[in-house]
Undergrad: 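First the structure, then my questions, so here it is.
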Amino acid sequence: MGFAEQRFNVNLSILFTELPLLERPAAAAAAGFSAVELWWPWVDSPTPEHSELDALKKAIEDAGVRLTGLNFYAGELPGPDRGALSVPGAESERFRANIDVAADFAGSLGCTALNALYGNRVDGVDPAEQDALALENLALAARAADRIGAVLLIEALNKPESPRYPLVSAPAAVEVVDRVDAATGLGNARFLMDLYHLSMNGEDLPSVIERYAPRTGHVQIADNPGRGAPGTGSLPLADLLDQLRKAGYDGWVGLEYKPGDRPSAEAFGWLPVDQRAAR
């Protein structure tokens, strides 16, 4: 099957970033895609003005693309932060202030996947205290996601690039998924399987897929090394996505890779145009 049977979306926080935010949905549509995802676009504000939210919603609707994934507020990303929900004090409060804002925005566009990055460990703070705070905030986020019919995604990152992030393996992320489901009773927490991050951690990707495909709510890809487009590294991404399909995963595959030294529109040569729009 290769890539032909997949449902791809484009992450507009890593691709098309040479364009202003409001121009990116139309650029993705012009490249042949019908679905997009985003990190929280306002890194300085968990609660932007309604006019800013409305402008982004209009840009997505006018482009004729579907928003299929959105991150909650995660601090400065890209940058030093890897989430806010386990960071005591102001950052945790900013995450909580963002929960309903992000959920309402996602719900207004029919988006049914919300990603909550866990946050870095903080010097001088007991990890157990951070984990307790994380569970409280993730439960709040799961309830907000449930209100709009969405799943809550928990993502494993990679230790070389995120050394202070505690969830740097598939089992660690799925353990948090289980804790959230146990705390809420909702059953709407899911694993975000990012094949690039897992490969950077040296995990056995076929084994991860075999074990965790039923727990997976979203998949993201980039090649490794380099976090570039498929074919720029050595990961057998077509084979891995085939395995996911055979294991029962039929959800979205987010293109979360760097375009390299070229316009983003030129970074999709690996995928024929007639395979870019979701079927």
Side-chain angles (χ1 to χ4, degrees), residues 9-29 33 35-120 133-134 136-155 157 165 192 218 220 252 254-256 264:
N9 63 31
V10 177
N11 189 302
L12 297 182
S13 298
I14 193 168
L15 285 156
F16 295 108
T17 57
E18 66 270 27
L19 300 173
L21 175 64
L22 299 184
E23 295 179 19
R24 297 176 202 170
F33 293 95
V36 299
E37 63 182 30
L38 282 162
W39 303 340
W40 185 249
W42 299 278
V43 296
D44 296 324
S45 177
T47 55
E49 297 293 332
H50 286 293
S51 59
E52 294 184 82
L53 292 161
D54 290 343
L56 180 55
K57 179 183 177 184
K58 184 177 187 297
I60 291 169
E61 291 176 333
D62 287 353
V65 295
R66 177 180 172 188
L67 181 68
T68 56
L70 178 68
N71 282 22
F72 287 107
Y73 169 79
E76 189 177 340
L77 185 74
D81 300 328
R82 296 294 187 271
L85 62 92
S86 69
V87 180
E91 279 298 270
S92 172
E93 292 304 315
R94 286 159 74 86
F95 177 83
R96 291 192 184 196
N98 173 251
I99 289 173
D100 283 333
V101 176
D104 289 345
F105 180 76
S108 74
L109 286 162
C111 173
T112 56
L114 290 162
N115 184 25
L117 286 174
Y118 201 82
N120 289 328
L133 176 62
E136 290 179 19
N137 284 336
L138 286 168
L140 293 172
R143 293 185 182 106
D146 183 68
R147 173 171 59 80
I148 65 164
V151 297
L152 174 72
L153 299 172
I154 309 295
E155 183 175 7
L157 301 183
Y165 191 81
L192 195 167
H218 186 46
Q220 291 174 331
W252 295 96
L255 304 181
E256 198 185 49
S264 296

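For the single chain, residues carry numbers from 1 onward in sequence order.
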Undergrad: Looking only at non-hydrogen atoms, find the nearest pair between Cys111 and Gly69 and report the distance.
TA: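 Result for this residue pair: SG-N, 3.5 Å.
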Undergrad: Sub-3.5 Å donor-acceptor pair from the side chain of Asp81 to the main-chain atoms of Glu76, do we have one?
TA: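 Yes, the answer is positive, given that a donor and an acceptor are paired below the 3.5 Å cut-off.
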Undergrad: Does the side chain of Arg24 come within less than 4.5 Å of Leu21's, by heavy atoms?
TA: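 Yes; the side chains approach each other to less than 4.5 Å.
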Undergrad: Distance from Leu117 atom CG to Leu157 atom CG, nearest 0.5 Å?
TA: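 Between Leu117 CG and Leu157 CG, I get 6.0 Å after rounding to 0.5 Å.
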Undergrad: Do Thr17 and Ser264 have side-chain heavy atoms sitting under 4.5 Å apart?
TA: no
Undergrad: Under the criterion side-chain contact (heavy atoms from CB on, under 4.5 Å), I'd like the reasoning laid out for Leu109 against Phe105: C-alpha separation, chi angles, the key distance, then a yes or no.
TA: CA-CA 7 Å; Leu109 286 162; Phe105 180 76; 3.7 Å; yes
Undergrad: With heavy-atom distances below 4.5 Å as the criterion, would you say the side chains of Leu67 and Val36 are in contact?
TA: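 The answer is yes, as the side chains (C-beta and beyond) meet within the 4.5 Å cut-off.
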Undergrad: Roughly how far, to the nearest 0.5 Å, is the CG atom of Asn71 from the CG atom of Asn11?
TA: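 Answer for the CG-CG pair, Asn11 versus Asn71, is 7.5 Å.
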Undergrad: Identify the two heavy atoms, one from Ala102 and one from Leu70, that lie closest to each other, and give their separation to 0.1 Å.
TA: O-CD2, 3.7 Å
Undergrad: Got a second to check how far Ile14's CD1 is from Leu77's CG, nearest 0.5 Å?
TA: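 With rounding to 0.5 Å, CD1 (Ile14) is 9.5 Å from CG (Leu77).
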Undergrad: If I compare all heavy atoms of Ala113 with all of Thr68, which pair ends up nearest, and what's the gap?
TA: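 Looking at all heavy atoms of both residues, the shortest contact is CB-O, 3.6 Å.
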Undergrad: Phe72 and ring pair (Phe, Tyr, Trp, His ring centres under 6.0 Å): which single residue from Phe95, Trp39, Trp40, Trp42 fits?
TA: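 Single pass found, and it is Phe95.
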Undergrad: Going by the rule side chain to side chain contact (heavy atoms under 4.5 Å, CB included), which residues pair with Leu22 if we only count those two or more places apart in sequence or in a different chain?
TA: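 Side chain to side chain contact (heavy atoms under 4.5 Å, CB included) check on Leu22 returns Ala55, Leu56, Ala59.
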Undergrad: Decide yes or no for Val65 and Ile60: does some side-chain heavy atom of the first lie under 4.5 Å from some side-chain heavy atom of the second?
TA: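 Side chain of Val65 against side chain of Ile60, heavy atoms only: contact under 4.5 Å found.
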Undergrad: Kindly indicate, with the supporting measurements, whether the criterion side-chain contact (heavy atoms from CB on, under 4.5 Å) is fulfilled by Leu153 and Leu114.
TA: CA-CA 6 Å; Leu153 299 172; Leu114 290 162; over 6 Å; no
Undergrad: Under 3.5 Å, is there a donor-acceptor pair between the side chain of Tyr118 and the main chain of Ser86?
TA: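 Judged by distance alone, no pair lies under 3.5 Å.
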Undergrad: Using side-chain heavy atoms (C-beta onward) and a distance below 4.5 Å, is Tyr73 in contact with Glu91?
TA: yes
Undergrad: Where the side chain of Asn120 meets the backbone of Pro80, is there a donor-acceptor pair that is under 3.5 Å apart?
TA: yes
Undergrad: On a heavy-atom basis, which atom in Ala106 and which in Ile148 lie closest, and how many Å separate them?
TA: CB-CD1, 4.0 Å
Undergrad: Going by the side chain to side chain donor-acceptor pair (under 3.5 Å) test, name the single residue among His218, Glu155, Gln220 that passes it with Asn115.
TA: Glu155
Undergrad: For Asp104, is there an ion pair with Arg147 - N to carboxylate O distance below 4.0 angstrom?
TA: yes
Undergrad: Taking the basic N atoms (NZ, or NE/NH1/NH2) and the acidic carboxylate oxygens, is any pair closer than 4.0 Å for Lys58 and Glu61?
TA: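 Not counted as a salt bridge, because no side-chain N and carboxylate O are separated by less than 4.0 Å.
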Undergrad: Where the side chain of Asn98 meets the backbone of Pro46, is there a donor-acceptor pair that is under 3.5 Å apart?
TA: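 Yes, because the side chain of Asn98 sits within donor-acceptor range (under 3.5 Å) of the backbone of Pro46.
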Undergrad: Within this structure, what is the CG-CD distance for the pair Leu85 and Glu136, rounded to the nearest 0.5 Å?
TA: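 With rounding to 0.5 Å, CG (Leu85) is 11.0 Å from CD (Glu136).
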Undergrad: To the nearest 0.5 Å, what is the distance between CZ on Phe33 and CG on Leu15?
TA: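 The CG atom of Leu15 is 8.5 Å from CZ of Phe33, to the nearest 0.5 Å.
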Undergrad: Do you know which two heavy atoms are closest between Val101 and Pro48, and how far apart they sit?
TA: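 It is CG1-CD, 4.4 Å.
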Undergrad: Supply the atom-to-atom distance Leu133 CG to Leu138 CG, rounded to the nearest 0.5 angstrom.
TA: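 Nearest 0.5 Å value for the CG-CG distance: 9.0 Å.
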